[in-house]
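All chains are named by letter (A, B, ...) in the order of the sequence lines, taking the proteins before the strands, and each is independently numbered beginning at 1.
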Number of protein chains: 2
Amino acid sequence: MDTVKERDIESIEARRTREGYNVFSRLPAVYAASRTQGQHLLQIGGGLSIVEWRTLWDLREVGPMTIRDLALIQRSDHSLLSRALPDMRRKGYVTMSRSKEDGRQTIVALTQKGRDAYDRAAPTMARRRAALREVFTEQELVEFVGYLDRLDAFLRMPIEEILETNDA
Amino acid sequence: MDTVKERDIESIEARRTREGYNVFSRLPAVYAASRTQGQHLLQIGGGLSIVEWRTLWDLREVGPMTIRDLALIQRSDHSLLSRALPDMRRKGYVTMSRSKEDGRQTIVALTQKGRDAYDRAAPTMARRRAALREVFTEQELVEFVGYLDRLDAFLRMPIEEILETNDA
DNA sequence: ACAAAATATATGACTTGTCACGTATTTTGT
DNA sequence: ACAAAATACGTGACAAGTCATATATTTTGT
């Protein structure tokens, strides 16, 4: 006697497969995996957080800059930095000083200790990027980023424009 | 008399441009934008959270299933669902019952109220997908997802494999 | 038949990110 | 020159994720 199943495994698998083609469902998972991988690699490379790593890297590459500059480069909200930086100062990685040119701004600069922390993490993170380039050709990466660009543009479109769309 | 600038704007812009080609830096921002757009649209479509929307949608498409099934479809950690579901039950969107086939499992099922909430949000969310298809061709979306697949695979590679990479 | 291993769920602790809003400072328009 | 607008930063409140670990139940191997 066939009892009615509580769940339909075939439907479930079909749904998972189908959702695999939905960019909006894939993005969270891919991003989460990227974050997790980054965190693991940073753990190996000295224990920095992702925000700390990005910030040290940016400061290392361009020199002192404001919180807003960092947020722009990292394409994130300034509040994320605003919260992370005092901690980084406490750890001795950066200094923060009021700008003389514009009293609203805070100039963030790398210290020697920050440079050291960067140097410990950098080789691991460079290896990650090298590993990525073994899996994707230069050409493919450009194309991939092209898609990300276009998706980004779509995601920042005014909401009304999306709501005006005719359903197919 | 030329004072030394506190920050080098050209370097900052160059850095931002350069990081624009780094998949690992783009991903967080693109994902965040996707989340924000989703939240806005859901706000318009009745005020569901993203997790709630995904869950109602999945239940609507496949019928009752376990927490693990939902997590697998959504490619997320089960704990996310484990935390969200009691709230959804409280709101009357779903029922949760212990499975008779396997006492460890919880069977989650949609209620009429859940179906109603889904129906309120669905048109807006469908319009979003339609709008995306106006910006990307079917072919391009397949290619885009292909890149996401490959990146996903890379991100889930054992860490040692990445560390063994020869730097270029 | 039962001990050991595996699986499903719950929960605490944490990170990354957003938005909204308040305050201080600078810029702009008249 | 000064009021109004814009900008930079800080902070509270929240969402969406992760991992680790604990408990209950089921499955497996002998």
Rounded to the nearest Å, what distance is computed from the [atom1] atom of residue [X] to the [atom2] atom of nucleotide [N]?
X        : N      : atom1 : atom2 : value
B:Arg75  : D:dG17 : CZ    : P     : 13 Å
B:Gln105 : D:dT25 : CD    : P     : 13 Å
A:Arg156 : C:dG17 : CZ    : C1'   : 12 Å
B:Met96  : C:dA8  : CE    : P     : 15 Å
B:Leu48  : D:dA16 : CG    : C1'   : 15 Å
A:Asp87  : C:dC14 : CG    : C1'   : 13 Å
A:Asp77  : C:dT16 : CG    : C1'   : 11 Å
B:Leu27  : C:dT15 : CG    : P     : 21 Å

When all nucleic acid strands are considered with a 4.0 Å heavy-atom cut-off, which category describes [X]: base, sugar-phosphate, or nothing?
X        : value
B:Thr106 : sugar-phosphate
A:Ile67  : sugar-phosphate
B:Ile50  : sugar-phosphate

Option from B:Lys91, B:Arg89, B:Arg90 for which salt bridge (Lys or Arg N to Asp or Glu O under 4.0 Å) with B:Glu52 holds
B:Lys91

Taking all non-hydrogen atoms of both residues, which atom of B:Arg128 and which atom of B:Gln37 are closest, and how far apart?
NE-OE1, 2.9 Å

Minimum heavy-atom separation for A:Met157 to A:Ile162, with atom names?
CE-CG1, 3.7 Å

Which nucleotide, in any strand shown, forms a Watson-Crick or G-U wobble pair with D:dC9, with both distances under 3.5 Å?
C:dG22

Scan every strand shown for a Watson-Crick or G-U wobble partner of D:dT30, both distances under 3.5 Å, and answer none if you come up empty.
C:dA1

[N] phosphate, OP1 or OP2, under 4.0 Å from [X] side-chain N/O:
X       : N      : result
B:Arg54 : D:dG17 : yes
A:Ser79 : D:dC9  : no
B:Tyr31 : C:dT18 : no

Just wondering, are more than 12 heavy atoms of other shown residues or ligands nearer than 6.0 Å to CZ in B:Arg115?
yes

Can you tell me whether the side chain of B:Arg104 and the base of C:dT9 have a donor-acceptor pair closer than 3.5 Å?
no

When you measure only distances, ignoring hydrogens and angles, does the side chain of A:Arg83 come within 3.5 Å of the base of C:dG17 through a donor and an acceptor?
no

Assign each of A:Gly103 and A:Gln74 to its nearest nucleotide of DNA chain C by heavy atoms, then name whichever residue's nucleotide is nearer the 5' end.
A:Gln74

A:Ser99 or A:His78: which one's nearest nucleotide on DNA chain C is closer to the 5' end?
A:His78

Among [options], the nucleotide that comes nearest once only the side chain of [X] is considered:
X        : options                : value
B:Ala32  : D:dG17, D:dA16, C:dG17 : C:dG17
B:Arg35  : C:dG17, D:dT18, C:dT9  : C:dG17
B:Asp102 : D:dT26, C:dT11, C:dT15 : D:dT26

Please determine which of A:Leu81, A:Leu110, A:Leu56, A:Val108 meets the side chain to side chain contact (heavy atoms under 4.5 Å, CB included) test together with A:Met88.
A:Leu56

Min side-chain heavy-atom separation B:Asp8-A:Val62 under 4.5 Å:
no

